[in-house]
2 protein chains.
Amino acid sequence: MPSEPTTARGRATRERIVLAAAGLVAERGVAGMSLDDVCAQAPASKSQLYHYFDGRDDLQQAVAETTCGTVMDVQADVLGGFDTLDGAERYLDALVALQEQRGARGGCPIGSLAGQLAEHHEGSRLALADGFDRWETGFRVGLQAMADRGDLRAGTEVATVATQVLAAVQGGLLLTQVRRDARQVRIAMDGALAQITAARRHAGRS
Amino acid sequence: MPSEPTTARGRATRERIVLAAAGLVAERGVAGMSLDDVCAQAPASKSQLYHYFDGRDDLQQAVAETTCGTVMDVQADVLGGFDTLDGAERYLDALVALQEQRGARGGCPIGSLAGQLAEHHEGSRLALADGFDRWETGFRVGLQAMADRGDLRAGTEVATVATQVLAAVQGGLLLTQVRRDARQVRIAMDGALAQITAARRHAGRS
DNA sequence: CATCGAGTGGACGAGATCGTCCAATCGGCC
DNA sequence: GGCCGATTGGACGATCTCGTCCACTCGATG
């Protein structure tokens, strides 16, 4: 049972540990993160790590949670604009630009963690599922706004399309990562967007 | 430099090792596969493993290659039928049935390996990219047959749609895995299929 | 100032893992 | 049978990793 920090100093230490762990996971993968490395990088000592976490698994779950939070924070603005067709295209452009900037490496942080953790740690799986839920909710509220405005085909099931868009993003990012080609995610999501636009749609891809 | 086996016995040993490694990776993930475990399971000895492989990384790449081969073999039949609208729906049904049968666990073997290996082993990344290429080619030739028959919207770019279908499958399988819900992959791929059918399309989902 | 719990530092042992090494065995071939 | 390279068995040391342990410091509070 990990003890929650009660003082500001304790909270800072716990956060240093999680951030160091998240950085190492992003850089080397879950398997490449050793607790000794985390302690060296934080910096912190073993006793601090085991003071705030049950052990490796518990720390990995905390990493999953903060990673989901970071991903959602980074895209909060552009995801908030996903409520018009233009906003949807801006979202896609931002996604592609980010992948190009990273050299098409790394894929989606949440998706990558999913491949490494979902099958082996129930707690981490639930944390990642929660991240996906929040992401999909962002799409859904934006799509609902478009539907209310009449920008979508009549009869569009907004919740279903939101799931399809998220799947297209994740699949596209995976292909981008494996093929080292940032255009893959654009192709994947162009499909999802083309599907939702009404007959009077303007602009295919930029 | 690993030496290729020259005798039938050597080839059998090498194959035993790869299959044992692939099984352990599927069961416990890449990080959970120890070389000692592989030797115990094969069965084989350390010297045999290092006789046929450079080391851990080389073995992982061999696992990636055989995993791609296995996945393509398993779906060869139903993927070969992906050249009519009905065949596409049968493909989707088979995919969903397989996920339900597995309890929505494991996701796509290739996609899971991608998340664990693509970023850290160039050779494995290339092996997985080759697997995706073969998979996408299967979709593309089927879609081209449909286009030639006039089953697709006029002006459909077959290669692009093939990429979108593969992305939808991968994204859908990832959501299925994380959410432990086999319907996710059906939703994801319904979107990709709905997009390609001509106006006189029949049947949405089953 | 004395007390006390939260927080800290880092040594330590148990065990796992990797990769190396060498001697033994197998099986085709002269 | 004798030879020889391919193949095999498994011990071994070096290294890494995890998690435990205990003594220590910090800082709020009475």
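Computed from a prediction, not measured in an experiment: that's the story for all the values here. Chain identifiers are assigned alphabetically (A, B, ...) following the order of the sequence lines, protein sequences preceding nucleic acid strands; residue numbering begins at 1 within each chain.
Taking atom CZ on Arg28(B) and atom P on dA16(C), their separation rounds to 13 Å, with Å as the unit. Nucleotide dG9(C) holds its P atom 13 Å from the CG atom of Leu49(A), rounded to whole Å. In this structure, CG of Asp58(A) is placed 11 Å from P of dG19(D), rounded to the nearest angstrom. One atom, CG of Asp54(A), and another, C1' of dG19(D), lie 12 Å apart when rounded to the nearest Å. Rounding to whole angstrom units, OH of residue Tyr52(A) and P of dG7(C) are separated by 4 Å.
Pairing each heavy atom of Val185(A) with each of Thr176(A), the nearest pair is N-OG1, 3.1 Å.
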Distances under 3.5 Å between protein N/O atoms and the N/O atoms of nucleotides 16-18 of chain D, please, pair by pair.
residue : atom : partner  : partner atom : Å
dC18(D) : OP1  : Arg56(A) : NH1          : 2.3
dC18(D) : OP2  : Leu35(A) : N            : 2.6

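Each of Gln48(B), Gln41(B), Arg11(B) was evaluated against Arg16(B); a single residue qualifies, Gln48(B), per the side chain to side chain contact (heavy atoms under 4.5 Å, CB included) test.
With 3.5 Å as the limit, one finds a donor-acceptor pair spanning the side chains of Gln75(A) and Tyr91(A). Between the side chains of Gln61(B) and His121(B), not a single donor N or O lies within less than 3.5 Å of an accepting N or O. A side-chain donor from one of Glu119(A) and Gln177(B) sits under 3.5 Å from a side-chain acceptor of the other. A donor-acceptor contact under 3.5 angstrom links the side chains of Asp181(A) and Gln184(A), judged on distance only. Inspection of the Asp148(B) and Gln144(B) side chains reveals an N or O donor paired with an N or O acceptor under 3.5 Å.
Of the residues in residues 7-18 of chain B, those lying under 4.0 Å from DNA chain D by heavy-atom distance are Thr7(B), Arg9(B), Gly10(B), Thr13(B).
Closest to the Ser47(A) side chain, of the nucleotides dT8(C), dG9(C), dG10(D), is dG9(C).
Although no hydrogens or angles enter the test, the distance criterion places no donor-acceptor pair under 3.5 Å between the side chain of Thr156(A) and the main chain of Ala147(A).
Applying the 4.0 Å criterion to OP1 and OP2 of dT7(D), one finds that Gln48(B) has every side-chain N and O outside that range. For dA6(D), the OP1/OP2 oxygens have no side-chain nitrogen or oxygen of Ser3(B) closer than 4.0 Å.
Counting only residues at least two apart or in different chains, salt bridge (charged side-chain N to carboxylate O under 4.0 Å, His left out) contacts with residues 28-46 of chain A comprise Arg28(A)-Asp37(A), Asp36(A)-Lys46(A).
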